[in-house]
Amino acid sequence: MTDQPQPPSTAPELFTWEFATNPYPAYAWLREHAPVHRTRLPSGVEAWLVTRYVDAKQALADARLSKNPAHHDEPAHAKGKTGIPGERKAELMTHLLNIDPPDHTRLRRLVSKAFTPRRVAEFAPRVQELTDHLIDQFADKGSADLIHDFAFPLPIYAICDLLGVPREDQDDFRDWAGMMIRHGGGPRGGVARSVKKMRGYLAELIHRKRELLPDEPAPGEDLISGLIRASDHGEHLTENEAAAMAFILLFAGFETTVNLIGNGTYALLTHPEQRQRLQASLAAEETGLLETGVEELLRYDGPVELATWRFATEAVRIGGQDIAPGDPVLVVLAAADRDPERFQHPDTLDLSRRDNQHLGYGHGIHYCLGAPLARLEGQTALATLLTRLPDLQLAGDSADLRWRGGLIMRGLRTLPVEFTPPLDLSRP
C-alpha cells in the first residue's frame, strides 16, 4: 500500500498549482521515463531536472557543476532570474550558495568556527522557550493557523537571537522575511525591496558590533560577533562577506524550518497511526522515534523541493544525458528521496525508518550548514505541539490547503488546526 496515486501515463505538466499540491506522481514519471529532463521553468529559464537518487547524489558532489551564477550561459530573457531575488543589486552574492572552492572552502571554514554543533546545543533551552511562548499565545483559543502563529515566527526569532539581532528589531526581520517567504505569490520587486532593507540593516549592525567587539568572546557570544571575530590564518571576513553570510544564514535558516514544521505536522495529522506512535514514544520520555521521525519527515515531504542552482562549467554527462557548458542544473531532492531504487516503500511514511540517507539537506561540500539547528527546532516544535495539544487535528478538508508556488522550497501557505484548549495552560 502507498500513499500516492499512480504516476501519469504521459509526460506530466510541471509547476502548475495542481502540481504544487502533489508533485510526487509527476516526479515518479520523470524518474522512470526522463530522469534528467530539460524543461522551461515558469520564469522562462531552461534548466535540467535531475530526479533519480544516484544521479542526484552524483550531481550534488560534482565539482563541474558550479554554484557561481557567472557560469550560466544566460540568455537576455533570463537575466537575473536565477538565485534569490534582489541579492545581486544588494551586493549579497558572496555567500556559500553562490561560490565554489577555494573561496567556498575559506568562507565555510570561517563560518563553521562560529556555527558549531556545541553552539546549537547551548541554544536548545532558548528554542524550547520560544516554542512554549508561541504555543501559549494560541493554546486557549482552541484553534490556530500553525504556519502564521507557530511555524513561521519560531525560526525567525530563533535565528535572530542566534545572529544577535536586538529583540526590538526582530519584528522588522519578521516583516522582511514574510515578504520573502511569499515570493511565489507576490511581486518580485517586493522581495527585492525586502532584501535591500535587510542588507542595509545587517551592514549597519555588523559595523556597530565590530566597533564594540571586546578583545575576548563572552560565553554565548552571538553569531554575527562570531563571524566578525572568526579568522583563517589571520584573514577575517570583510563586512560585505559577513553581511552576505548573515543574510544567507537567515534566509536559508528560516524558510527551511518553517516548511519542516509545517509539512511535518501536516504529514503527522494525515497519518494518525504514525502520529499516535510518536505521541506514545514521547509520553514514555523516549527520544529515538522523534529523531528518526524527523529524518523521515525530511525525506517524505521535505522543506526543500529542489536544490539551489548549479551551472555546468564544462560538458557533463548525468544519467546518460549530455549537459552543455553553461546549462543550469536543478537537483530535485523531493524526487530523489522517493526513489524506489534507494528507499523501500518510498511513498509510505515510516517514522522508524533506519536506512534513511535522504538528501533533504543536500550532499557534499554544500551540505546545509544550519542542519543541526533546523533539526533541533523541528524536534522541539513537533514534540511540544503533540505533547501540549494531544488532540490536535486539521480544521477543514486537506483538499482546501494551498501550497506556496516557489521553485526551490516546498511549504504550505496555511495550516488551520483545532484542538481542545488545555485546562491548565502552565507547561508541564
Side-chain angles (χ1 to χ4, degrees), residues 90 92 111 114-116 118-140 144-182 193-214 216-230 239 242-258 260-261 370 372-374 376-378 380-381 384-385 388 425-427:
L92 287 169
V111 175
F115 202 83
T116 62
R118 179 180 176 183
R119 182 187 292 269
V120 171
E122 291 172 347
F123 197 55
R126 177 58 179 158
V127 173
Q128 184 66 63
E129 180 185 358
L130 283 168
T131 300
D132 281 316
H133 173 72
L134 290 169
I135 294 176
D136 286 345
Q137 303 305 302
F138 60 78
D140 63 340
D145 172 5
L146 276 189
I147 302 299
H148 181 269
D149 297 328
F150 185 64
F152 176 71
L154 174 59
I156 280 291
Y157 292 137
I159 197 69
C160 280
D161 277 359
L162 199 65
L163 286 169
V165 176
R167 299 281 171 89
E168 61 268 21
D169 296 340
Q170 291 185 7
D171 284 340
D172 287 335
F173 266 77
R174 180 173 176 165
D175 292 342
W176 298 330
M179 177 57 72
M180 293 162 69
I181 206 171
R182 290 191 296 271
R193 284 191 295 273
S194 293
V195 170
K196 185 177 180 181
K197 289 177 181 177
M198 193 177 291
R199 168 67 173 89
Y201 176 85
L202 287 172
E204 180 183 340
L205 182 63
I206 289 167
H207 180 75
R208 193 163 68 240
K209 284 183 179 287
R210 192 188 294 273
E211 295 266 306
L212 301 174
L213 195 69
E216 295 295 329
E221 181 177 66
D222 66 74
L223 184 54
I224 287 180
S225 296
L227 290 174
I228 296 168
R229 193 184 297 282
E239 288 199 2
M245 288 306 310
F247 167 74
I248 200 59
L249 288 172
L250 178 75
F251 182 84
F254 90 88
E255 190 169 1
T256 52
T257 309
V258 173
L260 169 57
I261 297 170
L373 177 62
L376 168 66
E377 292 175 334
T380 304
T384 309
L385 271 178
R388 294 190 59 190
L425 295 182
S426 62
R427 294 185 290 278

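Since the structure is predicted, the reported quantities are computational estimates derived from the model, not experimental observations. The residues of the chain are indexed from 1 along the displayed sequence.
Residues Asp172 and Tyr201 form no side-chain contact, since every pair of their non-hydrogen atoms from C-beta on lies 4.5 Å or further apart. Residues Phe254 and Phe173 form no side-chain contact, since every pair of their non-hydrogen atoms from C-beta on lies 4.5 Å or further apart. Proximity of Asp161 to Leu130: side-chain heavy atoms (C-beta onward) are separated by under 4.5 Å at one or more points. Contact annotation: the side chain of Leu213 approaches that of Arg229 to within less than 4.5 Å [non-hydrogen atoms, C-beta and beyond]. Using a 4.5 Å heavy-atom threshold, the side chains of Leu146 and Phe138 count as touching.
Here the CD-CD distance, from Glu168 to Gln170, works out to 8.5 Å after rounding to the nearest 0.5 Å. In this structure, CD in Glu221 is found 10.0 Å from CG in Leu227, a value given to the nearest 0.5 Å. Atom CZ of Phe123 sits about 10.5 Å away from atom OG1 of Thr380, to the nearest 0.5 Å. In this structure, Thr131 OG1 and Glu377 CD are separated by 8.0 Å, a value rounded to the nearest 0.5 Å. Here the straight-line distance linking atom CG of Leu223 with atom SG of Cys160 works out to 11.5 Å at 0.5 Å rounding. Atoms CE and CD1, from Met245 and Ile228 in turn, are 13.5 Å apart once rounded to the nearest 0.5 Å.
In this structure a side-chain-to-backbone donor-acceptor pair under 3.5 Å is missing from Glu211 to His207.
In plain terms, the two heavy atoms of Ala381 and Ile261 that are nearest each other are CB-CD1, 3.7 Å. When all heavy atoms are compared, the tightest approach of Asp140 to Gln137 is OD1-O, 4.3 Å. The two atoms that bring Ala374 and Thr257 nearest to each other are CB-OG1, 3.8 Å, heavy atoms only. Across all non-hydrogen atoms, the minimal contact from Val258 to Ile147 is CG1-CG2, 4.5 Å. Scanning both residues, Gly164 and Leu205, for their nearest heavy atoms gives O-CD2, 4.2 Å.
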Using distance only, find each side-chain donor-acceptor pair of residues 151-159 under 3.5 Å and give its atom names and separation, not counting sequence neighbours.
residue, atom, partner, partner atom, Å
Tyr157, OH, Asp171, OD1, 2.9
Tyr157, OH, Arg174, NH1, 3.3

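Electrostatic pairing of Lys209 and Asp222 counts as a salt bridge here, judged by a charged N lying under 4.0 Å from a carboxylate O.
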